[in-house]
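Heads up: the structure comes next, in structure tokens.
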Amino acid sequence: MNATDHLNLKCGNLETIENAASFSRFVFPFAYRLEKTVQQPQNLFYQIKQDNESSHRRRKKYFLNETALILFERAEWFEIAESEWQRTPWETKTIKVTLKTGDFQIKMLPPTLVLFEFSHSQSSNKSNILQTGFLYVDVYFPQQTPTPKIDDLLLLNELFRYFDIPYTGHAAALTRHFKDIPIEYLSHNGGYKKVDSPDISNQAKYFERWLNLLKMPIQHNDEYYSLIPENWTDNAKKWIYRNEIQQSNNNEDNFLIHVDNRCYVWTAALMHEGGRSLDSAFNNPHSTNLQAEHYGHWIKLLNVDLPHNSDDSEVTHKDVSDFEKEWAKARTYKRWEHQGNWYGFNNHSGVMLAVSSQAFLCRVFREQYFDQTLLLLYLRATLFRFSRKLSLIVHEQQNENADKWLAQIRAVRKEFSHFAIMYQFPLLSNQQQAIEMYMLARECLEIDSLYREVQEKIANTHDFLEQAESNQLGTAANTLAEWGLPIATASLVASFFGVNSYTYSKSCTDDCPLSTMAIPIVIALVAAVAAKWLISIIKKNKY
């Protein structure tokens, strides 16, 4: 076996548990609001995901009750039926991509939707800030000769994950490497739009292949629903194609909620000896103390970076800085590092590099470990939604009525409290490795610091507005108290004249028929002004 053979990936059909294989899962967060469709769709649609019973039970029992409730009861999982997916170019055509070491066939499993807070999504046609969905697709290499290497997986991950152009020149690379990747998911007269189609703009090469998956309706209880209102799609396109920023808090009318132009990448590289395969390829003699951060391929897999453009894989292995090594060390799970089974997390990826013969590792990584990370992604996406909603309220209401502003902020704080009670629990499983990996992923995704920042922002804004309202009430009360004594004095004088009767001169009463009322009123007003003046003198001398 030569050195580069150690870098071969284990490939094959992901759906066969006995044949665990390398794969990449790309996760796209979005806001959703269900709208009932009139007619049954003629094209592809999502239906309730049909996991086998043992898998479903295993995944639920891996977590504590409250976590399982959130993931599998309050959220609903959908997928496109396998029989329907067979009609798409991913099954009817051979999709090849040009990667680092050659041209390889790739396949995609039927896409999956996870809709959080689905059980309450049909009760109102208004937007709900807790209704966040995730679209994910699994891409893998079927068995083929020659075998793809880890450098090929690095290139695949970096190019496939974007839903917007990251920088000038990237679109040309995407077209060159991914020319056959479908933009549409149903063939038209044997053809389909793909990345190198001449009528596809550069933006569409990225955005439309994700948008077209979100346009497909879902089926639930024999009824069909669209996921995204038309105006949400229009506003998303305005941002992607024309950089127009939403400035209105109109029920959050944009489904793009991810603070990034990349999908989250969840990828597994299975190699003969796992991490030791890298050691076998690049170190002679072998390392006795295996440390993942010393290997450039691990660092680039974790950070979803491109391999070096050299034909020599050893350049990729060595092309890392001390800073990158320290960065990777802090984000690598260490329990099984010495065996060559490596896990790592950061705010845009979760990765595994493992021994290919241990099939159960791939299954657990695809299921339970992904489930708990998906919950963290939901927390992160929803926290950014709260932050965005607060900023839009402040932007829109800064010159508006303060009462309306306060009512909106109060509503946001109430929603945030509900979110914290339902989702911000510290422990999700009694499995030791799950807890350790969850805590590392939580730290790398910066959940706690982000939560504190958003919580403080909402609380401080709400408290400030309530204090301002209290100050207004206090000012009104002080004004009323300040005039209380003069008014009381006037009332006392008026009551005195009302109780006692006086006889005025006949000439006065003849000339002024209202003098019987006017004279007491004038005297009362004079007394009130005198009392107010006296209070002012006392306050001036006091201060």
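All residue numbers in this chain count up from 1 along the given sequence. Excluded from the calculations below are hydrogen atoms, water molecules and symmetry mates; all remaining heavy atoms, backbone and side chain alike, are included.
Two rings, from F207 and W239, have their centers 6.0 Å or more apart. The distance between the ring centers of Y369 and W266 does not fall below 6.0 angstrom. In this structure, F26 has its ring center no closer than 6.0 Å to that of Y264.
Taking 4.0 Å as the cut-off between side-chain N and carboxylate O, K100 and D152 do not count as a salt-bridged pair. Salt bridge annotation for R87-E91: absent, with no cationic side-chain nitrogen under 4.0 angstrom from a carboxylate oxygen. Comment: R33 engages E35 in a salt bridge, judged by a side-chain N to carboxylate O separation of less than 4.0 angstrom. The pair E326-K329 does not meet the salt-bridge criterion, since no charged nitrogen lies less than 4.0 angstrom from a carboxylate oxygen. Ionic pairing of E158 and R161 is present here: one or more N-O contacts between side-chain nitrogen and carboxylate oxygen are shorter than 4.0 angstrom.
Checked by atom type, the side-chain pair H170/N202 shows no donor-acceptor distance below 3.5 Å. In summary, the side chains of Y423 and E66 do not present any donor paired with an acceptor at a separation below 3.5 Å, with no hydrogens or angles considered. With 3.5 Å as the limit, one finds a donor-acceptor pair spanning the side chains of S280 and E273. When only modelled atom types and interatomic distance are considered, E293 and Y295 share no side-chain donor-acceptor pair under 3.5 Å. Between the side chains of R442 and Y438, at least one donor-acceptor pair of N or O atoms lies under 3.5 Å. Residues N341 and Q358 have side chains that bring a donor and an acceptor to within less than 3.5 angstrom of each other. With 3.5 Å as the limit, one finds a donor-acceptor pair spanning the side chains of D103 and T98. With 3.5 Å as the limit, one finds a donor-acceptor pair spanning the side chains of Y333 and E436. In this model, a donor atom of one side chain and an acceptor atom of the other lie less than 3.5 Å apart for N346 and S349. No side-chain donor from either of E223 and Q219 sits under 3.5 Å from a side-chain acceptor of the other. Between H348 and D260, the side chains place no donor N or O within less than 3.5 Å of an acceptor N or O (distance only, hydrogens not considered).
Minimum heavy-atom separation, A204 to Y241: CA-OH, 3.7 Å. Counting all heavy atoms, side chain and backbone alike, T267 lies closest to L153 at OG1-CD2, 3.8 Å.
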How far apart are the C-alpha atoms of F118 and H220, what are their side-chain angles, what is the distance that settles it, and do they pass the ring pair (Phe, Tyr, Trp, His ring centres under 6.0 Å) test? CA-CA 11 Å; F118 182 84; H220 188 259; 4.8 Å; yes
Pair F370-F365, ring pair (Phe, Tyr, Trp, His ring centres under 6.0 Å): steps then yes or no: CA-CA 6 Å; F370 176 74; F365 183 74; 8.6 Å; no
Go through it in stages, so that I can follow the logic: the residues are K149 and S313, the test is side chain to side chain donor-acceptor pair (under 3.5 Å), and I'd like the CA-CA distance, side-chain angles, deciding distance and then a yes or no. CA-CA 10 Å; K149 302 184 185 303; S313 290; over 6 Å; no
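At most 12 non-hydrogen atoms from other residues, nucleotides or ligands lie less than 6.0 angstrom from CG of N65. Residue K36 qualifies as open at atom NZ: its count of foreign heavy atoms under 6.0 Å is 12 or below.
The cationic group of R209 lies under 6.0 Å from the six-membered ring centre of F160 and within 45° of the ring axis, placing it in a cation-pi geometry. For the pair R59 and W77, the cation-pi criterion (under 6.0 Å, within 45° of the ring axis) is fulfilled. Cation-pi contact between R74 and F116: absent, since separation from the ring centre below 6.0 Å together with deviation from the ring axis within 45° is not met.
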